[in-house]
Amino acid sequence: MDFVISNTAFGKIRGIRERGVNIFKGIPYSGSVSGKRRFSRPANLEPWKDVRDTFKLGTPAMQSPKTVYGNDEPHPGEDCLFLNVWTPANDNKKRPVMFYNHGGGFSTGSGGSTGQDGANLARFFDVVVVETNHRLNIFGYLYLGDVAGEDYKTSGNNGMLDIVEGLKWVNQNIAEFGGDPDNVMIWGESGGGAKTSCLYAMPSAEKYFNKASVESGPGVMMTPVETAIETTSLLLKELNISPKDWRKLLQVPADKLFAIQPQLMKAAGTSAKKSPVQTRGIGAAGPGGFSPVVDGIVLPGHPFSPTAPSISINKPLIIGWNEDEYTFFANASGDVSGCQLPDFEALQKKLELQFGEKTSKIIETYRSSRSNASPSSIYIEVMSVTFMGLGSIEIAEKKALQNRAPVYLYNFGYKSGLKVPNTDFPMGTAHAMDIGFKFNNVRPEMPGQYLAGEKPERFKASLNFASLWTSFAHTGKPGVKDQPEWPAYDLIQRPTYRIDTNCEVIYDRNKSERELWKSLGYLGND
């Protein structure tokens, strides 16, 4: 291991060179967001004179310590605006930059998780990887525009604006790290996909990226401002603070503010008004929750409703999801009953909880299109597609309608061989399983990759996934040697690229099911 020094606009930093990759962790990219800066834009970052060591991850955003997964990661805190860089060399070569937005909804996670370590992408695919920490939950998305005046009109999107600050840092500094500031791909999984969806529609981010990928996180719609105002009212009532005394929020201890969030959800369930907009995709928060706000400024409208954003009309997009998303959520919630349904009567009762009178038509369609499927298989498929699939298809359709830059639709389908814990049902291609594959991190030495399983074929599937995404970063068109060509999505043939050890193109996949969801109003027609 050697040391390497790089220049930035704020001062010199010292990182490490390890197995052919220069690694810089915990680089500050903006100033303080605590104290009087809480719920405001960051203070200016002060330059430093000495060489600053960047060997360790920076502070993650406020959250539970058990929801960050980096090695030697600090305890979460308010001042969290740090980023990490992995590059083959600081040599002025213009490599594509892959700017990753971490998952965890808009409430947890960090840019330091071991599964999304960028070293292997830099090492084997000649790209520069950047990942940020940014404000989350109440600290990133509390909307004060209705009580605090003009200076806080964008406070409901501070977490997203932090990411834009990270993109600005890349634009200003990445050439020193062997990256091309004019070839930046934004991408992210789950909540990171929803963040990427927002960035794709944000005027403030427009000039800082060239292409995007949204993985298992279709952010079609975000939180209406009316809902955000209601949440702020719930918070002030819970803290017994008058709206005119809102500045008292700046003195509330950070731990107390973080801890009060479940109480807001509980209060919303008993007294809050219903959200005025039926939201689709993932990312929109109901009363008592926190996510990006359609404030008319940072987010002029919903990211992909009623149309794909015109400001990104010339920017290629990848969008898709994993085939068995819901097994992850079943396991995480502790409710694995959907994986153990004894018969179709039990399936009917289970789905009626969500779909009511529409359930019989849903089951009839799926039993017709999947004649050999078990009740549990249909349940997992229905929940997976409604969680992540329908929003992804909607985004692909709306992007294709623009008839400008291409959009590429995919399904990730490699099966791990694992079982859902405490059942005999296969975990399949679970939510978040794609992270290790696309980062080429399914190797035994990478911690936290249990979802990938242990089958040797996983290395080939990972090579395919990582090759597709890095080729997209290089050229704007995903492709991998010895696999089929990936055609852009259109509204006639509707090609989906299925990623596995052997990839395939499937035209109008699950047509009858797609048409069902459209007829039931779950696949948006704005």
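One is the number of the first residue; the rest follow in order along the sequence.
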**Prompt:** Please walk me through it: do Leu142 and Leu249 pass side chain to side chain contact (heavy atoms under 4.5 Å, CB included)?
**Reply:** CA-CA 11 Å; Leu142 177 66; Leu249 291 171; 4.1 Å; yes
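- When only modelled atom types and interatomic distance are considered, Ser337 and Asp335 share a side-chain donor-acceptor pair under 3.5 Å.
- A ring pair (Phe, Tyr, Trp, His ring centres under 6.0 Å) with Phe465 holds for exactly one of Phe412, Phe472, Tyr414; it is Phe412.
- Every residue two or more places apart in sequence or in another chain was checked for a salt bridge (Lys or Arg N to Asp or Glu O under 4.0 Å) with Arg37, and none qualifies.
- Ring to ring, Phe387 and Phe329 are close: their centroids are under 6.0 angstrom apart.
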**Asked** Under the ring-ring contact (aromatic ring centres under 6.0 Å, His included) criterion, do Trp469 and Tyr410 qualify, and how do the steps go?
**Response** CA-CA 12 Å; Trp469 261 243; Tyr410 78 90; 5.1 Å; yes
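- In the displayed structure, Glu150 atom CD is contacted under 6.0 Å by at most 12 heavy atoms of other residues, nucleotides or ligands.
- Atom CD of Glu454 has 12 or fewer neighbouring heavy atoms from other residues, nucleotides or ligands inside a 6.0 Å radius.
- Minimum heavy-atom separation, Ser392 to Pro218: N-CB, 3.5 Å.
- The backbone N or O of Ala9 lies less than 3.5 Å from a partner atom in the side chain of Asn173, making a donor-acceptor pair.
- Pairs of residues two or more places apart, or lying in two chains, that qualify as salt bridge (charged side-chain N to carboxylate O under 4.0 Å, His left out) and include a residue from residues 167-188 are Glu165-Lys168.
- With sequence neighbours excluded, the residues satisfying ring pair (Phe, Tyr, Trp, His ring centres under 6.0 Å) with Phe177 are Phe24, Trp169.
- If you check the side chains of Asp324 and Ser384, you find no donor sitting under 3.5 Å from an acceptor.
- Nearest heavy atoms, Leu144 versus Ser155: N-OG, 2.8 Å.
- Applying the side chain to side chain donor-acceptor pair (under 3.5 Å) test to every pair with at least one member in residues 57-68, sequence neighbours left out, gives these pairs: Gln63-Thr67.
- Judged by distance alone, with hydrogens and angles left aside, the side-chain atoms of Asn322 form a donor-acceptor pair with the main-chain N or O of Ala430 at under 3.5 Å.
- For Ser213 and Glu215, the side-chain atoms include at least one donor-acceptor pair closer than 3.5 Å.
- Taking all atoms of both residues into account, the shortest heavy-atom contact from Ile395 to Val220 is CG1-CG2, 3.9 Å.
- Here the side chain of Thr8 pairs a donor or acceptor atom with the backbone of Gly11 at under 3.5 angstrom.
- Within 6.0 Å of CG in Asn422 there are 12 or fewer heavy atoms belonging to other residues, nucleotides or ligands.
- The ring pair (Phe, Tyr, Trp, His ring centres under 6.0 Å) analysis of residues 214-269, with sequence neighbours excluded, yields the pairs Tyr152-Trp246.
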**Item:** From CA spacing to verdict: side chain to side chain contact (heavy atoms under 4.5 Å, CB included), Asn441, Asp117
**Value:** CA-CA 8 Å; Asn441 286 342; Asp117 183 285; 4.0 Å; yes
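- Formation of a donor-acceptor pair under 3.5 Å by the Ser233 side chain with backbone atoms of Ile229 is not found in this model.
- Minimum interatomic distance between Pro303 and Gly219 (heavy atoms only, all atoms of both residues): CB-O, 3.3 Å.
- To the nearest 0.5 angstrom, Met388 atom CE is 11.0 Å from Met383 atom CE.
- Between the side chain of Lys153 and the backbone N or O of Gly145 there is at least one donor-acceptor pair closer than 3.5 Å.
- Two residues are said to be in side-chain contact when any heavy atoms from C-beta on lie closer than 4.5 Å; Ser197 and Phe304 meet this criterion.
- If you check the side chains of Lys211 and Asn183, you find a donor sitting under 3.5 Å from an acceptor.
- Remark: side-chain polar atoms of Asn158 are paired, donor with acceptor, to backbone N or O of Phe39 under 3.5 angstrom.
- You'll find the side chain of Ile13 stays beyond 4.5 Å of the side chain of Ile5, heavy atoms only.
- Of the listed residues (Phe124, Trp187, Phe125), just one forms a ring pair (Phe, Tyr, Trp, His ring centres under 6.0 Å) with Phe439, and that residue is Trp187.
- Contact detail for Ser467 and Thr470: the closest heavy-atom pair is O-OG1, 3.3 Å.
- Residue pairs meeting the salt bridge (charged side-chain N to carboxylate O under 4.0 Å, His left out) criterion with at least one member in residues 69-80, sequence neighbours excluded: Arg38-Glu78.
- Residues that satisfy the side chain to side chain donor-acceptor pair (under 3.5 Å) test with Arg52, not counting sequence neighbours, are absent from this structure.
- Rounded to the nearest 0.5 Å, atoms CG (Leu81) and CD1 (Ile163) are 10.5 Å apart.
- The list of ring pair (Phe, Tyr, Trp, His ring centres under 6.0 Å) pairs with a residue in residues 54-86, not counting sequence neighbours, reads Phe3-Phe55.
- Judged by distance alone, with hydrogens and angles left aside, the side-chain atoms of Arg41 form no donor-acceptor pair with the main-chain N or O of Val33 at under 3.5 Å.
- In this structure, the ring of Tyr326 has its center no less than 6.0 angstrom from the ring center of His431.
- Atom CG of Leu250 sits about 7.0 Å away from atom OG of Ser40, to the nearest 0.5 Å.
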**Request:** Give the C-alpha distance, both sets of side-chain angles, the deciding distance and a yes or no for side chain to side chain contact (heavy atoms under 4.5 Å, CB included) between Val294 and Val225.
**Result:** CA-CA 6 Å; Val294 183; Val225 69; 5.8 Å; no
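- In this view, Lys315 and Tyr200, Glu206, Phe209, Ser312 satisfy the side chain to side chain contact (heavy atoms under 4.5 Å, CB included) rule, not counting sequence neighbours.
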**Message:** Please determine whether side chain to side chain contact (heavy atoms under 4.5 Å, CB included) holds for the pair Leu199 and Val164, giving the CA-CA distance in whole Å, both sets of side-chain angles, and the decisive distance to 0.1 Å.
**Reply:** CA-CA 8 Å; Leu199 292 168; Val164 175; 3.9 Å; yes
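- At least one donor-acceptor pair under 3.5 Å links the side chain of Thr232 to the backbone N or O of Ala228.
- Under the side chain to side chain donor-acceptor pair (under 3.5 Å) criterion, the residue pairs touching residues 287-296 are Asn157-Asp295, Thr223-Ser291, with sequence neighbours excluded.
- Applying the 6.0 Å contact sphere to NZ of Lys207 captures no more than 12 heavy atoms from other residues, nucleotides or ligands.
- Across all non-hydrogen atoms, the minimal contact from Pro74 to Pro60 is O-CD, 3.3 Å.
- By the 4.0 Å N-to-carboxylate-O rule, Lys12 lies too far from Asp50 to be salt-bridged with it.
- We find the CG-CD distance between Asp146 and Glu226 to be 10.0 Å, quoted to the nearest 0.5 Å.
- In terms of the side chain to side chain donor-acceptor pair (under 3.5 Å) criterion, Arg247 has no residue partners (sequence neighbours excluded).
- Note on residues 123-140: pairs passing side chain to side chain donor-acceptor pair (under 3.5 Å), not counting sequence neighbours, are Lys93-Asp126, Arg95-Asp126, His102-His134, Gln116-Glu131, Asn120-Arg123, Thr132-His134, His134-Lys195, Arg135-Asp162.
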